[in-house]
Amino acid sequence: YSKDISAHDKQRIDRLVNSILFLKKVKPFKALSEEDIFKFYKIGADMNYYEGQKIFEENMEGDGFYIVLSGIVKIIKKGQSREAKEETLAMIREGEFFGEMALLDDAKRSATALAHKTTAVFIIRKDEFRKLMAEDNALAVQVLWVFIKTLCKRLRETDKKMADSFFSEYGLSDFMG
């Protein structure tokens with residue numbers, strides 16, 4: 001059996017198995033079957049970015065959802081004025097994801113994503129994702145529920161950061177309890 005498989009085919013099979021095993025560890029896919037994960041694998045693509053390279057920029061059209069395969073992605077938001085510094089919102093590491101809001105709405109990107117160091121990502125494009133979700137309602141419910149919970153968690157973290165910043169800026173940290 002193994003003698004009949006070329007080295008190239010064996011390499012492709014190994015890559016497929018490893019990719020599915022990796023995706024199985026990523027939050028939106030943890031509860032999915034290997035068959036469902038394969039559906040995502042088929043519509044996704046690997047992309048590589050060098051340190052400092054923009055993956056996407058704030059106010060760009062949202063084109064997809066990204067999973068970090070290796071490296072670190074820095075999510076930043078620019079201040080409103082020219083003098084304002086950029087603020088780091090998050091550091092996304094291997095096995096974590098970002099850009100999922102683009103799959104859910106048609107708004108522009110709310111922040112910029114940069115490769116903090118050489119980074120490989122797996123991207124699922126919005127149009128392919130939406131097509132898959134339309135074809136498989138049960139799969140859509142499972143995946144979208146994870147996205148909703150993740151977005152809620154991130155919103156709560158942002159609210160806490162803003163409150164902490166407000167209270168410390170005005171010397172009211174004693175009221176935070």
Side-chain angles (χ1 to χ4, degrees), residues 1-2 5-49 53-57 60-75 89-160:
Y1 158 69
S2 62
I5 298 176
S6 71
H8 176 71
D9 286 343
K10 184 177 180 341
Q11 196 173 37
R12 287 179 49 211
I13 292 168
D14 285 348
R15 185 178 174 286
L16 170 64
V17 169
N18 289 333
S19 295
I20 289 174
L21 290 174
F22 182 85
L23 290 175
K24 183 84 174 150
K25 296 177 190 173
V26 178
K27 195 175 235 173
F29 307 115
K30 279 184 179 181
L32 301 182
S33 68
E34 285 77 12
E35 180 183 338
D36 285 339
I37 293 171
F38 183 66
K39 292 174 185 177
F40 285 101
Y41 174 80
K42 288 191 310 187
I43 64 170
D46 292 346
M47 302 280 292
N48 295 298
Y49 296 91
Q53 185 177 3
K54 283 182 186 168
I55 298 170
F56 57 73
E57 193 165 4
M60 276 180 57
E61 187 76 25
D63 63 341
F65 152 74
Y66 300 79
I67 299 167
V68 178
L69 301 174
S70 65
I72 300 174
V73 174
K74 182 174 166 178
I75 307 296
L89 301 178
M91 300 295 276
I92 311 296
R93 291 171 167 69
E94 182 178 314
E96 297 177 332
F97 61 92
F98 62 99
E100 69 280 0
M101 287 173 30
L103 301 177
L104 307 175
D105 67 16
D106 293 317
K108 305 276 187 204
R109 294 285 187 190
S110 62
T112 297
L114 300 169
H116 187 62
K117 55 196 241 180
T118 301
T119 300
V121 298
F122 182 76
I123 180 172
I124 297 174
R125 302 275 179 210
K126 178 174 25 183
D127 54 342
E128 294 293 324
F129 176 83
R130 288 182 173 177
K131 192 178 344 174
L132 178 59
M133 295 298 94
E135 292 168 2
D136 191 333
N137 290 334
L139 180 60
V141 168
Q142 281 185 284
V143 172
L144 293 175
W145 188 246
V146 172
F147 285 156
I148 290 167
K149 291 196 303 190
T150 300
L151 289 170
C152 288
K153 179 179 179 251
R154 290 179 182 170
L155 180 59
R156 289 181 199 284
E157 289 169 356
T158 301
D159 284 349
K160 183 178 178 346

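Hydrogens, waters and symmetry mates play no part in the numbers below; they use all other heavy atoms, side chains included. Since we're looking at a predicted model, the values are computed, not measured.
- F22 has its ring centre no less than 6.0 Å from the ring centre of F122.
- Closest approach of L114 to I55, counting heavy atoms only: C-CD1, 4.2 Å.
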Checklist entry - Can K25 and E94 be said to form a side chain to side chain contact (heavy atoms under 4.5 Å, CB included), step by step? => result CA-CA 10 Å; K25 296 177 190 173; E94 182 178 314; over 6 Å; no

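- For E128 and K131, the salt-bridge test passes: some basic side-chain N is under 4.0 Å from an acidic carboxylate O.
- Under the ring pair (Phe, Tyr, Trp, His ring centres under 6.0 Å) rule, F65 has a single partner from F147, F56, F129, F98, which is F147.
- Atom CG of residue D106 and atom CE of residue M101 lie 12.0 Å apart, to the nearest 0.5 angstrom.
- Separating the NZ atom in K108 from the CE atom in M60 is a distance of 9.5 Å, to the nearest 0.5 Å.
- Put simply, the side chain of M133 reaches to within 4.5 Å of the side chain of L139, judged on heavy atoms.
- The distance from the CG atom of D46 to the CG atom of L69 is 5.5 Å, given to the nearest 0.5 Å.
- In this structure, E57 places its CD atom where more than 12 heavy-atom neighbours from other residues, nucleotides or ligands lie under 6.0 Å away.
- Here K39 pairs with D36 in a salt bridge; the nearest charged N to carboxylate O distance falls below 4.0 Å.
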Next on the checklist: Please determine whether side chain to side chain contact (heavy atoms under 4.5 Å, CB included) holds for the pair L144 and L104, giving the CA-CA distance in whole Å, both sets of side-chain angles, and the decisive distance to 0.1 Å.
Outcome noted: CA-CA 9 Å; L144 293 175; L104 307 175; 3.4 Å; yes

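- Summarising the geometry of K10 relative to I5, their closest heavy-atom pair is N-CG2, 3.5 Å, with the distance given to 0.1 Å.
- Between the side chain of K27 and the main chain of V146, no donor-acceptor pair closer than 3.5 Å is present.
- Checking side-chain atoms of R109 against main-chain N and O of G99 turns up a donor-acceptor pair under 3.5 Å.
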Item to check | Test log, rule side chain to side chain contact (heavy atoms under 4.5 Å, CB included), inputs E96 and V73 | outcome: CA-CA 10 Å; E96 297 177 332; V73 174; over 6 Å; no

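- Aromatic pair F29/F40: centroids less than 6.0 angstrom apart.
- The backbone N or O of I148 lies less than 3.5 Å from no partner atom in the side chain of T150, so there is not a single donor-acceptor pair.
- Shortest non-hydrogen contact noted between I75 and A113 is CD1-CB, 3.7 Å.
- The CD1 atom of I72 lies 4.5 Å from the CZ atom of R93; values are rounded to the nearest 0.5 Å.
- Scanning both residues, N48 and A120, for their nearest heavy atoms gives OD1-CB, 3.3 Å.
- Residue K74 holds its NZ atom at 10.5 Å from CG of L89, rounded to the nearest 0.5 Å.
- Few gaps surround NZ on K24; more than 12 heavy atoms of other groups in view lie less than 6.0 Å from it.
- The distance from the CG atom of L103 to the CG atom of D63 is 9.5 Å, given to the nearest 0.5 Å.
- Within the 4.5 Å cutoff, the side chain of L23 has no heavy atoms near those of the L32 side chain.
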